[in-house]
Number of protein chains: 2
Amino acid sequence: MDLSAKSEYALLALLELSPHYASGEPLQIRQIASQQNIPDRYLEQLLATLRRAGLVKSLRGARGGYLLARDPWKITLYDVVSCIEGFEAQTDPAQGSATPEALVIQEVWGEVRQAAEDVLQKCTLQDLVEKRNAQQQHDIMYYI
Amino acid sequence: MDLSAKSEYALLALLELSPHYASGEPLQIRQIASQQNIPDRYLEQLLATLRRAGLVKSLRGARGGYLLARDPWKITLYDVVSCIEGFEAQTDPAQGSATPEALVIQEVWGEVRQAAEDVLQKCTLQDLVEKRNAQQQHDIMYYI
DNA sequence: AGTATACTCCGGTTCTCCACTGGGGTTTGC
DNA sequence: GCAAACCCCAGTGGAGAACCGGAGTATACT
């Protein structure tokens, strides 16, 4: 019922990378981690997962780092969360021994999951970036 | 992102109690547990929680047991899950040190949570009971 | 009254997973 | 060649889920 810190870290990292997609300049783990207060050795693992999922690319060696594999508006939050959280392949095994009540509950569980996925599916990285910009614009308005 | 076995157990127990609401006859923990393959000592704790939340009533002593506190169509799945899962009072403390990106993500997290709660809110115990009956009816149709 | 049957309360135990850390590597730019 | 980066894999600590046990208490039935 709760999205883990893992997914939040991954999203934060991708949000950091989003503005740099156009320039093609990579960002290093250390920079992202210090910017968003994420333990860097942990973020490293998450970025590795994102790379294997094809969401980011990495450049090795000195002056290396990470960059988005495709446009920020072509990556949905569902893409990120699903590959980090590692769901799908949720074939619950006890299908045979389940009572009819348990089956009905499983259906509702699926509906809940689907509702959550729909929200994530409809939101892209670019949406979040613009939302953040709007927030800050709002703050400035009130600051003046 | 996933509903725990805890919530499923609680729901199963309440589904067992639902048909007996009209008669006012209590069901014992053992009966419910064996019917739904739930460890009985564990179910005991869950029913205690449900009782404190005002969803079930208990009768102590011989011939005692549990019964629903109100009509099955006046209890939503949200009522059950929220009191079992123990959410609400989710005041995340790190509001001050959060980056603007983290704030935007928190908003989306809230939307996801809300979408899930809406599904649970719109579904009552009675809905599930009827859904189960419909399922079995369906099976019989094909059996004949 | 006595006993069996239930719930009630409180504590402990085991197990899994998340978040995080560490120690090696390998690749690349200068 | 050396430092800066990524890469891989193997842990550790704590929290919570799932579960078990025992002593206590209320009630029905005889």
Side-chain angles (χ1 to χ4, degrees), chain A residues 1-13 16-17 20 24-34 36-69 81 83-87 90 94, chain B residues 1-13 16-17 20 24-34 36-69 81 83-87 90 92 94 102:
Chain A
M1 199 54 203
D2 51 332
L3 283 285
S4 60
K6 221 170 162 183
S7 298
E8 183 173 346
Y9 288 162
L11 269 181
L12 284 171
E16 285 290 316
L17 293 180
H20 296 74
E25 285 295 311
L27 273 185
Q28 287 115 37
I29 291 180
R30 292 286 180 80
Q31 298 179 21
I32 303 173
S34 70
Q36 295 291 339
N37 307 315
I38 304 173
D40 51 357
R41 305 298 263 111
Y42 189 41
L43 179 57
E44 182 184 316
Q45 295 177 14
L46 302 181
L47 284 171
T49 303
L50 293 174
R51 181 179 54 83
R52 281 186 283 268
L55 294 178
V56 298
K57 286 178 180 173
S58 65
L59 297 180
R60 306 184 63 163
R63 304 286 176 202
Y66 286 89
L67 34 82
L68 243 49
V81 173
C83 96
I84 285 294
E85 219 79 4
F87 54 61
Q90 276 283 12
Chain B
M1 203 53 204
D2 52 332
L3 284 286
S4 60
K6 222 169 161 181
S7 297
E8 183 173 346
Y9 287 162
L11 269 181
L12 284 171
E16 285 290 315
L17 293 179
H20 296 75
E25 286 293 312
L27 273 185
Q28 287 117 38
I29 290 180
R30 294 285 180 79
Q31 298 178 21
I32 302 173
S34 70
Q36 295 292 339
N37 307 315
I38 305 173
D40 50 359
R41 302 300 262 117
Y42 190 41
L43 179 57
E44 183 185 314
Q45 294 177 13
L46 302 180
L47 284 171
T49 303
L50 294 174
R51 181 179 56 83
R52 281 187 283 269
L55 294 179
V56 298
K57 286 178 179 172
S58 64
L59 298 179
R60 305 183 62 162
R63 305 283 175 206
Y66 285 90
L67 33 82
L68 245 49
V81 173
C83 95
I84 285 293
E85 219 80 2
F87 54 62
Q90 275 283 12
D92 39 1

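Just so we're on the same page: letters track the sequence lines, and every chain starts at 1. Computed from a prediction, not measured in an experiment: that's the story for all the values here. What's counted below: heavy atoms across the whole structure, side chains too, no hydrogens, waters or symmetry copies.
- Comparing C/dA19, D/dA17, C/dC9 against the side chain of A/Lys6 picks out C/dA19 as the nearest.
- Between B/Tyr9 and D/dA17 there is no side-chain polar atom (N or O) within less than 4.0 angstrom of OP1 or OP2.
- We find that CZ of A/Arg41 is positioned 12 Å from P of D/dC7, with the value rounded to whole Å.
- At whole-Å resolution of the value, CG in A/Leu43 and P in C/dC18 are 17 Å apart.
- Protein atom CG of A/Asp40 is 10 Å distant from nucleotide atom P of D/dC6, rounded to whole Å.
- Distance CG (A/Leu46) to P (D/dC6): 14 Å, rounded to an integer number of Å.
- Smallest separation of non-hydrogen atoms from B/Ile32 and B/Ala13: CG2-CA, 3.7 Å.
- Side-chain contact between A/Pro26 and A/Tyr66 is absent, with no heavy atoms from C-beta onward closer than 4.5 Å.
- With rounding to whole Å, B/Leu27 atom CG is found 13 Å from C/dA6 atom C1'.
- Remark: the B/Glu44 side chain and the D/dC20 base include no donor-acceptor N/O pair separated by less than 3.5 Å.
- Taking each heavy atom of A/Ile84 and A/Leu46 in turn, the nearest pair found is CD1-O, 4.1 Å.
- Going from atom CD of B/Glu25 over to atom C1' of C/dA6 covers 15 Å, rounded to whole Å.
- A/Tyr42 is listed as a side-chain neighbour of A/Lys6, based on a closest heavy-atom distance under 4.5 Å.
- For the atom pair CG of A/Leu59 and CD of A/Gln28, the computed distance is 10.0 Å after rounding to the nearest 0.5 Å.
- Residue order along DNA chain C, read from the 5' end via each residue's closest nucleotide, puts B/Gln31 first among B/Gln31 and A/Ile38.
- Listed pair A/Tyr66 / D/dC7 meets the phosphate criterion, a side-chain N or O lying under 4.0 Å from OP1 or OP2.
- At a threshold of 4.0 angstrom between heavy atoms, the contacts of A/Ala5 are confined to the sugar-phosphate backbone, with no base atom among them.
- For B/Arg51, whose side chain is taken as the heavy atoms from C-beta onward, the closest listed nucleotide among D/dC19, C/dC7, C/dC9 is C/dC9.
- Residue A/Leu47 is out of contact with every strand shown, counting any heavy-atom pair closer than 4.0 Å.
- Checked against D/dC7, D/dC8, D/dA18, the side chain of A/Ser58 finds its nearest nucleotide in D/dC7.
- Rounded to a whole Å, the CD atom of B/Glu85 is 10 Å from the C1' atom of D/dA17.
- Distance A/Gln45 CD to D/dG11 P: 14 Å, rounded to the nearest Å.
- Listed here is the closest heavy atom pair of A/Glu16 and A/Gln36: OE2-NE2, 2.6 Å.
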Close N/O contacts between protein and nucleotides 27-30 of chain D (under 3.5 Å):
residue : atom : partner : partner atom : Å
D/dT27  : O2   : B/Ala62 : N            : 3.2

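- At least one side-chain heavy atom of A/Glu8 sits less than 4.5 Å from a side-chain heavy atom of A/Leu12.
- The phosphate of C/dC18 (OP1 or OP2) has no side-chain N or O of A/Tyr42 nearer than 4.0 angstrom.
- Here the shortest heavy-atom pairing between A/Ala10 and A/Leu50 reads CB-CD1, 4.2 Å.
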